[in-house]
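Written out below as structure tokens is the structure these notes cover.
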Amino acid sequence: MEARLRFAGAVTRDPDVEAWFATRNDALGVLARAWFERMRDCGQDVVELVHDGCPVACVQDVPFAYANAFTKHVNVGFFMGAFLPDPSALLKGTGKRMRHVKLFPGEQTDASGLAALIDAAYRDARNFVAEEPPFG
């Protein structure tokens, strides 16, 4: 089984995530929140935390996606994005594992394609956790 990035301390509704969104009430923050809410809606087993300065969605301690607001755009990122099916060709990046989708306020977004990526990332993390041997 491949090694995965793990984050300790994720909880169902992390106050630090809410604080992050509270400081970003502009168009970028609203856009980031909408997609992070989509991550939260994947299942009752989704937990969250702030890592590297942005909200991250996890299954147990396995991160699957994040949302981050920059100066002019939002990234919706995927920790194992290089391995996700991406028929809409939304994913950007050249890292070994991580990929992201750049979103700009006021621009059209392939919402169904991005939702499918979020769902696939969630299923991947959930399957990884389910298949992991005890005491991993």
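From a predicted model like this one, the values you see are computed outputs, not experimental measurements.
- In the hydrophobic cluster analysis, where Ile, Leu, Val, Met, Phe, Trp and Tyr join through side-chain heavy atoms closer than 4.5 angstrom, L84 is grouped together with V59.
- Contact record, G81 with R99: C-CG, 3.5 Å, taken as the closest heavy-atom pair.
- The hydrophobic clustering, which links ILVMFWY residues whose side-chain heavy atoms are closer than 4.5 Å, places F36 and V76 together.
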List the steps and the verdict of side-chain contact (heavy atoms from CB on, under 4.5 Å) for V129 and V62. CA-CA 7 Å; V129 167; V62 177; 3.7 Å; yes
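- What you find for A67 and W20 is that their closest heavy atoms are O-CH2, 4.1 Å.
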Show, in sequence, the C-alpha distance, side-chain angles and deciding distance for N75 and V101, and conclude whether the side-chain contact (heavy atoms from CB on, under 4.5 Å) test is met. CA-CA 6 Å; N75 275 0; V101 176; over 6 Å; no
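- Across S88 and D110, no two heavy atoms sit closer than the pair OG-OD2, 3.1 Å.
- Of all non-hydrogen atoms in P63 and L5, the two that sit nearest each other are CD-O, 3.1 Å.
- In terms of modelled atom types and a separation under 3.5 Å, the side chain of D14 and the main chain of D16 share a donor-acceptor contact.
- Minimum interatomic distance between A125 and F64 (heavy atoms only, all atoms of both residues): CB-CB, 3.8 Å.
- Counting heavy-atom neighbours within 6.0 Å of R126 CZ, excluding the residue itself, gives a total of 12 or less.
- With values rounded to the nearest 0.5 angstrom, Q60 atom CD is found 8.0 Å from D45 atom CG.
- With a 6.0 Å cutoff to the six-membered ring centre and a 45° limit on the axis angle, R33 does not count as a cation-pi contact of W35.
- Salt-bridge annotation for K102 and E107: absent, with no side-chain N of the basic residue lying under 4.0 Å from a carboxylate O of the acidic one.
- M98 and L103 are not part of a single hydrophobic cluster, where members link through side-chain heavy atoms under 4.5 Å apart.
- In terms of heavy atoms, A57 sits closest to V46 at CB-CG1, 4.2 Å.
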Candidate pair L90 and T109, rule side-chain contact (heavy atoms from CB on, under 4.5 Å), full reasoning: CA-CA 10 Å; L90 299 176; T109 299; over 6 Å; no
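- Side-chain contact between V17 and R40 is present, with heavy atoms from C-beta onward closer than 4.5 Å.
- Contact check for V11 versus L49: no side-chain heavy atoms found under the 4.5 Å cut-off.
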Could you go step by step and tell me if R4 and D124 meet the salt bridge (Lys or Arg N to Asp or Glu O under 4.0 Å) rule? CA-CA 11 Å; R4 293 271 183 129; D124 174 68; 2.9 Å; yes
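- The ring of Y66 has its center closer than 6.0 angstrom to the ring center of F79.
- Between R13 and E18 there is no salt bridge, since no side-chain N of the basic residue sits under 4.0 Å from a carboxylate O of the acidic one.
- Residues satisfying the salt bridge (Lys or Arg N to Asp or Glu O under 4.0 Å) criterion with D86, sequence neighbours excluded, are absent altogether.
- A single hydrophobic cluster is not seen to contain both V50 and F7; linkage of ILVMFWY side chains at heavy-atom distances under 4.5 Å, directly or through other members, places them apart.
- L28 is connected to M39 through a chain of hydrophobic side-chain contacts under 4.5 Å among Ile, Leu, Val, Met, Phe, Trp and Tyr, so both are in one cluster.
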I118 vs C42, side-chain contact (heavy atoms from CB on, under 4.5 Å): CA-CA, chis, key distance, verdict: CA-CA 8 Å; I118 291 169; C42 284; 3.6 Å; yes
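- Side-chain N/O atoms of Y122 and N127 include no donor and acceptor closer than 3.5 Å.
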